[in-house]
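Keep in mind that the numbers below use all heavy atoms, side chains included, and drop hydrogens, waters and symmetry copies.
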Amino acid sequence: MELIYIIAAFLAGFIALRCKLPPLVGFLVAGFALNTAGYESTPVLSTLADLGVTLLLFTIGLKLDVKTLLAKEIWGGATLHNLLTTGIFTLALLILKQLGIGMMADLDVVQLALLAFALSFSSTVFAIKALQEKGELNATYGTLAIGILVMQDIFAVIFLTVSTGKIPEITALALFALPLLRPSLFKILDRAGHGEMLVLYGVFLALVAGAGLFELVGMKGDLGALIMGMMLAAHPKSSEMSKSLFNFKELLLVCFFLNIGLAEQPTLDGLLMALLLMVMLPLKGILYYVIFNLFRYRVRTSLLGTLTLFNYSEFGLIVGGLAYKMGMLPGSFLVAIAIAVSLSFLVAAPLNSLGHKLYKDASKWLKEFEPEKLNASDRLIDLGEKQVLILGMGRIGSGAYDELVETYGNNVIGVEAREDSVELHKEQGRHVIHGDATDSDFWARVISKQNIKLILLAMPHSQANSFALEQIRERNYQGQIAAIAKYGDEEEELKALGVDAAFNIYHEAGSGFARHVCEHLTPQIKSS
């Protein structure tokens with residue numbers, strides 16, 4: 001049975017990829033097709049799907065600064081959106097009930113409010129996948145969206161606890177002592193190496209020390225995985241652990257998207273109700289944009305953040321299933337919610353792929369705040385009189401920075417998306433500023449000065465480098481551009497876009513190693 005699911009997922013995902021759509025769209029379609037053909041989810045598939053979500057939340061935690069959640073834009077924005085969306089959706093559903101439309105006629109106000117609450121959440125899995133595929137997890141709007149989603153997860157835990165009457169065990173108080181274990185966890189991570197033990201340690205922390213421990217004391221396991229990841233976020237190897245878990249987690253998430261399509265047998269009534277719920281989805285998106293705008297984010301941040309969260313959440317299925325078990329919602333609504341969640345993914349996926357183009361078109365008529373009135377975390381960046389610009393200050397960018405400073409002195413400046421990394425570079429004496437190199441407005445400000453003579457695209461994701469290159473070329477930049485690539489096709493794509501030099505990091509690492517050896521060891525070897 002599982003072999004059929006693997007074949008269907010691969011074929012559908014490959015077709016979606018060739019159609020320039022995220023593979024997850026193909027996985028969803030495969031799930032629906034299998035469901036229509038009479039197949040159902042299996043315990044193995046469901047278990048793997050749950051493990052994928054748990055690992056996803058753990059890896060989110062590895063990249064999340066707890067200070068982010070304390071910002072008023074995060075907790076205030078998430079709370080305001082949840083309350084407004086629940087209220088407006090309840091009103092909309094009440095109007096449908098009064099009109100006798102769909103399956104609303106038999107529901108009371110409390111049931112409608114419960115359904116509205118379930119629909120107010122956005123999908124963590126979908127949003128993170130969309131951000132990862134674009135290489136923009138650390139962009140301003142990416143950080144904002146993730147913060148909102150984490151707060152929504154906290155709301156979910158509170159709701160599930162209250163609605164089920166399941167009070168955490170008294171032993172849950174011991175969880176407050178978890179920070180005391182942090183030094184020990186750090187020491188183990190220091191000694192876990194860089195291979196399979198690092199992966200196994202990550203799986204152990206996510207599934208056993210995080211999710212397992214929290215479930216043992218009556219708490220939501222996924223929240224435990226998230227918190228365990230956050231505890232390790234400050235460790236230098238947290239990023240390496242996240243990358244080592246990436247492919248394993250991605251494979252498990254295929255099961256998650258398949259499972260959504262396999263969740264319920266589609267019915268005509270369920271489909272019609274789901275279409276009505278989809279008509280309400282733009283209201284949710286408008287509220288996100290208005291709230292982000294209220295906190296004085298730029299048009300780009302507000303719009304791309306909205307598109308990232310422009311979907312219904314799989315949490316709606318959890319709420320619907322719980323409400324059904326408690327006799328608060330009829331089973332037919334499970335089908336409607338499942339279809340609506342899937343349809344929202346199918347709509348949101350291409351919108352996210354076209355996000356930058358949509359912003360470019362929308363920025364012509366959407367009003368922008370004055371630079372000095374913008375949110376402090378979203379202001380444009382002035383590069384001063386620097387002449388060499390390095391985008392992405394990871395290991396490659398940092399190495400390039402140090403070499404170029406030796407040649408050009410203090411005319412070099414780096415741009416990095418992660419604030420914690422920026423502070424670390426500053427402590428090491430590098431001139432690095434916090435900024436989003438995939439930001440169109442960022443490029444409009446930088447290129448206009450005409451001081452930059454050399455740009456190095458050293459971001460780890462090819463799509464981010466390609467987008468930055470397109471922005472540079474659109475602004476008639478006359479200097480030189482060099483970029484890194486991991487694979488041959490990425491190298492060719494960058495050259496086609498007009499980069500002056502593209503370097504394959506794996507090839508260059510070998511030749512660079514050889515040059516370093518010859519320069520420092522000067523071996524006395526005769527050539528043949």
Please enumerate all residues that pass side chain to side chain contact (heavy atoms under 4.5 Å, CB included) together with [X], with sequence neighbours excluded.
X: Leu34; result: Ile4, Tyr5, Ala8, Tyr39, Leu258, Leu262
X: Asn247; result: none
X: Ile74; result: Thr68, Leu69, Ala71, Leu144, Met151
X: Lys373; result: Arg296, Glu370

Do the side chains of [Y] and [X] get nearer than 4.5 Å, heavy atoms only?
X: Ser313; Y: Thr124; value: no
X: Leu93; Y: Met280; value: yes
X: Leu307; Y: Leu354; value: no
X: Met228; Y: Leu185; value: yes
X: Leu343; Y: Leu275; value: yes
X: Phe256; Y: Leu253; value: yes
X: Leu287; Y: Phe89; value: no
X: Gln152; Y: Ser122; value: yes

Under the side-chain contact (heavy atoms from CB on, under 4.5 Å) criterion, do Phe295 and Thr301 qualify, and how do the steps go?
-> CA-CA 11 Å; Phe295 286 106; Thr301 300; over 6 Å; no

If I compare all heavy atoms of [X] with all of [Y], which pair ends up nearest, and what's the gap?
X: Gly26; Y: Ala12; result: O-CB, 3.1 Å
X: Ala349; Y: Phe126; result: N-CZ, 3.5 Å
X: Leu48; Y: Cys255; result: CB-SG, 3.8 Å
X: Ala274; Y: Ala336; result: CB-O, 3.5 Å
X: Leu309; Y: Lys284; result: O-CE, 4.4 Å
X: Ser421; Y: Glu416; result: CB-CG, 3.7 Å

Taking salt bridge (Lys or Arg N to Asp or Glu O under 4.0 Å) as the test, write out the residues that go with Lys357, two or more places apart.
->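 Listed in chain order: Asp361.
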
Check: [X] side chain, [Y] main-chain N or O, donor-acceptor pair, under 3.5 Å:
X: Arg182; Y: Met231; value: yes
X: Ser46; Y: Pro43; value: no
X: Thr90; Y: Ala116; value: no
X: Glu215; Y: Gly212; value: no
X: Thr308; Y: Leu304; value: yes
X: Asn311; Y: Phe345; value: no
X: Ser242; Y: Ser238; value: no

State which residues pass side-chain hydrogen bond (donor to acceptor under 3.5 Å, both in side chains) with [X]; sequence neighbours excluded, sorted by chain then number.
X: Glu73; answer: Asn375
X: Thr85; answer: His81
X: Glu423; answer: none
X: Thr79; answer: none

Are Ser302 and Asn293 close enough, and set up right, to give a side chain to side chain donor-acceptor pair (under 3.5 Å), and what steps lead you there?
-> CA-CA 6 Å; Ser302 298; Asn293 199 255; 4.6 Å; no

Begin with the C-alpha distance, continue with both residues' side-chain angles, and end with the deciding distance and a verdict on side-chain contact (heavy atoms from CB on, under 4.5 Å) for Tyr141 and Leu131.
-> CA-CA 10 Å; Tyr141 83 91; Leu131 289 169; 3.5 Å; yes

Within a radius of less than 6.0 Å around CZ of Phe369, do more than 12 heavy atoms belonging to other residues, nucleotides or ligands occur?
->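 Check passes, neighbour count above 12.
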
Please indicate whether Glu470 has more than 12 foreign heavy atoms, meaning atoms of other residues, nucleotides or ligands, lying under 6.0 Å from its CD.
->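 Yes - once you tally the heavy atoms of other residues, nucleotides and ligands closer than 6.0 Å, there are more than 12.
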
What pairs with Phe121 under ring pair (Phe, Tyr, Trp, His ring centres under 6.0 Å), at least two apart in sequence or on another chain?
->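 Counting only residues at least two positions away or on another chain, Phe121 forms a ring pair (Phe, Tyr, Trp, His ring centres under 6.0 Å) with Phe117, Phe315.
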
Working to the nearest 0.5 angstrom, can you tell me the gap between [X] [atom1] and [Y] [atom2]?
X: Met393; Y: His434; atom1: CE; atom2: NE2; result: 14.0 Å
X: Leu80; Y: Lys72; atom1: CG; atom2: NZ; result: 13.5 Å
X: Phe32; Y: Ile339; atom1: CZ; atom2: CD1; result: 6.0 Å
X: Leu351; Y: Leu346; atom1: CG; atom2: CG; result: 11.5 Å
X: Leu114; Y: Leu119; atom1: CG; atom2: CG; result: 9.5 Å
X: Phe10; Y: Ile15; atom1: CZ; atom2: CD1; result: 10.0 Å

Kindly list each side-chain donor-acceptor pair under 3.5 angstrom involving residues 54-61, sequence neighbours excluded, with atom names and distances?
unit_1, atom_1, unit_2, atom_2, d
Thr54, OG1, Asp50, O, 3.0
Thr54, OG1, Asp222, OD1, 3.0
Thr59, OG1, Leu55, O, 3.2
Thr59, OG1, Leu56, O, 2.7

Please assess Leu303 against Tyr289 for the test side-chain contact (heavy atoms from CB on, under 4.5 Å), listing each intermediate value before the final yes or no.
-> CA-CA 6 Å; Leu303 182 60; Tyr289 185 86; 4.3 Å; yes

Residue pairs, two or more places apart or on separate chains, that pass salt bridge (Lys or Arg N to Asp or Glu O under 4.0 Å) and touch residues 247-262 |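 For residues 247-262, and leaving out neighbouring residues, the salt bridge (Lys or Arg N to Asp or Glu O under 4.0 Å) pairs sorted by first residue read Lys129-Glu250.
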
Would you check, one step at a time, whether the test side-chain contact (heavy atoms from CB on, under 4.5 Å) holds for Ile337 with Leu115?
-> CA-CA 9 Å; Ile337 295 174; Leu115 179 59; 3.7 Å; yes

